[in-house]
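These numbers come from the heavy atoms of this one structure, side chains and all, not from hydrogens, waters or symmetry mates. Just so it is clear: chains get the letters A, B, ... in the order the sequence lines come, proteins before strands, and each one is counted from 1.
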Amino acid sequence: MTDLETRISGEPVAAADGWRLDWADRARGIARLTDGDRSLLVLVEEQATAWTVTLHGRRIPVTVRSWRERVLAEAETEGPSRARPVEVRATLPGLVVAVAVAPGDEVDEGAPLLTIEAMKMQNEVRAPRAGRVIELEVAAGQTVATGAALLRLE
Amino acid sequence: LRTDTAAPPFQRLLIANRGEIAIRVIRACRELGISPIAVHSDADVDALHVRLADRSERIGPPAARDSYLSIDAVVDAARRAGAEAIHPGYGFLSEDARFARAVEAAGLAFVGPPPSALEALGNKLAARRSAADAGVPIVPGTTVALTDDVAAVADIGYPVMLKAAAGGGGRGMRRVDGPDDLRPAMEAARREADAAFGDGTIYVERLISPARHVEVQLLGDRHGELAVLGERDCSVQRRHQKLVEESPSPAIDDPTRRALFDSARRVASTVDFHNAATVEFLVAEDGSHYFLEMNTRLQVEHGVTELVTGLDLVAWQIRIAARERLPQEVLDAPRRGQAIEVRIYAEDPYDGFRPTSGRVGTWEMPSGPGIRVDAGIEADTDLRPEYDPLLAKLMVHAEDRPSAIRRLRRALDETLIGGLQTDAGFLRWLVDEPGFAAGDYDTGIIAERWGAGPPVSDEDRGLAALAASTARRDVPNRAAETSPETGSDWGELGRREALRG
């Protein structure tokens, strides 16, 4: 049973010794972990090789890979990296209340780009690096979800 | 008290809200024999509150300002549905005097305090002046709008809090530690207040720290009777917004409690008041208290008071709006045991309580003795970024505070939410925090003791690895890769090579 490698935040982690997992509801990913008189409910969700285990209310991403998947993944990470345009994405959902830049603007790293109101707070989105705004993908008044493309910098 | 033969206070009532609070009001309507009418934006056509009501009226597109905040759309919906009364819930239009007036002008009953009270108490600066005039201690600071002449701030003494006159809910609030930070903070607070309320007026208060946030629940009828239904301690906050509320407060003694109740009555007496409201105070370490604001609506955390008093505050709001009198049983309602509420938000407590979004998958809520869950969603629900990320309120009631904390721990251990991070991880940490258990904490507890949360313990890492690898082995279509028969991928690769021929 040592054929699967588990990693959390990139570091190999050994499965806990002495604990047993019993499915309470396999279809929904609900299981009970038991070690003697101690036990707890966990939720296990699958996303490809990335699994998420919710434990004491905290979501812990775990990658689970077989030997073959590991070898393939390592082969893929080789390769040149070059500066590409960066897509600035929303890190939280909310309402775009102000856009401070226009296409063509040169911005410094950390310059305010736009303001998203979420949870009753105004959050400034800043430039991740210096560059030129090549495309605006949202306008003031628009609602955005987490991960939504806001603008592109080159 | 009501008997089964009593006529319902209204035939039909429209609920101008969404999510868990709309469902809470629907349930009160059912028990009173009232037909509940929901409203929905285009984003909420299939929402739970819509499905639980007798019917639902469309009030506009997803953006709240064009739907749940549209006075005309809501009043028109009530007319179309033939409703006799409107319950505004909390947030949205609940404290908007123009809305309350429009409801009354349409010949409908507004389930809340009179418009004049909403107006007088909605301006937090004017409310400060009235409270001070009524002999209630207020936080030292200005009682007029802060102008660019900032000499007044130095007199108050740093650190100070900047607050929005039209404010509430933590918006437009800024802590300022010294004169160098004052100007930028003033600008930010004004901008935020203007964006949120259309009024950038700010004022300044001295920062009371350490402090507890303690509020008093009021219920008044239209015949001059006022019930003081105990206090709630809401000191566990992030961004000046509450996460945990409990009653009674573990931090105050009976003389302080009586002083708070007296001050709450005095603040209410400054306006023509009936229906439900809450008077909020800061309580300093020495037990002295300071008026903050009076919220002229049902609070998110009203259920805590319902658990310790056994009263149905929402039902009483509706009955008061129908001109019923508060009976002696309500005016003298005894309070029993300890109730604690925790709010479950789509927020990541390990990343500054940032809102999270996406789809809630698994949704397992606790049950059993002394547990109440007011939820606005169910399993497999897409969250809308337009609206408040409150998913549910988990409440427990037990004979005393240690029992209530044990019950809350058990309830959180039964809670499983899939799809996105919620603040449940923080709440589970909180019930084990020794200071919380001892009642020894203040409004700084999250900043000082939680921060971004503890690192994942070695045991939890090992358990997560065990759960994920076991789950992967148990996935049927992957069984071949890792089955005991082949033993490992070496065998699997060899077998595939052989099959390829």
Side-chain angles (χ1 to χ4, degrees), chain A residues 1-9 11 13-17 19 21 23 25-26 28-31 33 40-46 49 51-64 66-69 91-95 97 117-123 141 143-147, chain B residues 62-63 169-171 188 191-192 195-196 239 241 347 350 354-358 361-362 364 383 385-386 389 412-422 424-429 453 456 459-475 481-482 487-490 492-493:
Chain A
M1 300 289 272
T2 54
D3 50 327
L4 291 178
E5 183 207 56
T6 45
R7 286 178 182 253
I8 294 173
S9 311
E11 293 191 13
V13 177
D17 258 349
W19 289 77
L21 180 142
W23 291 109
D25 185 337
R26 179 65 191 92
R28 289 191 298 156
I30 300 171
L33 291 169
L40 72 156
L41 277 181
V42 294
L43 180 67
V44 189
E45 294 164 275
E46 183 187 3
T49 56
W51 296 69
T52 301
V53 179
T54 304
L55 207 140
H56 300 309
R58 183 176 202 161
R59 290 167 69 77
I60 304 172
V62 185
T63 55
V64 185
S66 64
W67 172 84
R68 184 167 43 83
E69 286 164 343
T91 54
L92 76 178
L95 177 72
V97 291
E117 187 180 282
M119 276 305 289
K120 309 170 182 177
M121 299 278 288
Q122 307 240 325
N123 301 276
T143 303
V144 293
T146 301
Chain B
R171 279 183 287 189
R191 201 168 52 236
E192 205 166 285
R239 296 191 286 266
Q241 292 164 359
E347 287 184 10
Y350 309 100
R354 271 175 174 262
T356 53
S357 66
T362 297
E364 280 283 299
L383 298 186
E386 289 91 351
L412 287 166
D413 283 341
E414 288 181 17
T415 303
L416 291 172
I417 302 168
L420 40 79
Q421 181 66 55
T422 70
F426 162 74
L427 300 170
R428 185 60 187 77
W429 169 87
V456 182
E459 179 172 85
D460 284 358
R461 288 158 62 90
L463 291 174
L466 171 69
S469 55
T470 311
R472 163 133 179 194
R473 278 193 192 91
D474 290 352
V475 173
E481 285 180 26
T482 55
S488 74
D489 284 336
W490 293 103
E492 169 66 7
L493 283 173

Stepwise side chain to side chain contact (heavy atoms under 4.5 Å, CB included) check, A/I30 with B/L416: CA-CA 8 Å; A/I30 300 171; B/L416 291 172; 3.5 Å; yes
B/E364 side chain reached by A/R28 side chain, heavy atoms, under 4.5 Å: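 Touching, per the 4.5 Å side-chain cut-off.
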Pairing of B/R472 and A/E5 as salt bridge, 4.0 angstrom limit: no
Considering only heavy atoms, which portion of [X] lies under 4.5 Å from any heavy atom of chain B: side chain, backbone, both, or neither?
X     : answer
A/T91 : both
A/A14 : backbone
A/L33 : side chain
A/L40 : side chain

B/E414 side, atom CD; A/L41 side, atom CG - distance, nearest 0.5 Å: 8.0 Å
Which atom of [X] lies closest to which atom of [Y], heavy atoms considered:
X      : Y      : value
B/A471 : A/W51  : CB-CZ3, 3.4 Å
A/T6   : B/S469 : CG2-CB, 3.8 Å
A/I60  : B/A464 : CG2-CB, 4.0 Å
B/S357 : A/T146 : OG-OG1, 3.0 Å
B/P355 : A/A118 : CG-CB, 4.2 Å
B/L466 : A/A15  : CA-CB, 3.7 Å

Winner by heavy-atom pair count (cut-off under 4.5 Å) against chain A, out of B/T470, B/D460, B/D413: B/D460
Considering only heavy atoms, which portion of [X] lies under 4.5 Å from any heavy atom of chain A: side chain, backbone, both, or neither?
X      : answer
B/I417 : backbone
B/F426 : neither
B/L412 : neither
B/T362 : side chain

So, does [X] use its side chain to make a donor-acceptor pair with the main chain of [Y] at under 3.5 Å?
X      : Y      : answer
A/T143 : B/E386 : no
B/R461 : A/V13  : no
A/Q122 : B/A188 : no

Max heavy-atom pair count under 4.5 Å with chain B, selected residue of A/V97, A/L92, A/N123: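 It is A/L92.
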Residue list, salt bridge (Lys or Arg N to Asp or Glu O under 4.0 Å) with A/R59, at least two apart or on another chain: A/E45
A/L55 and B/L463: CA distance, side-chain angles, deciding distance, side chain to side chain contact (heavy atoms under 4.5 Å, CB included) verdict: CA-CA 8 Å; A/L55 207 140; B/L463 291 174; 3.9 Å; yes
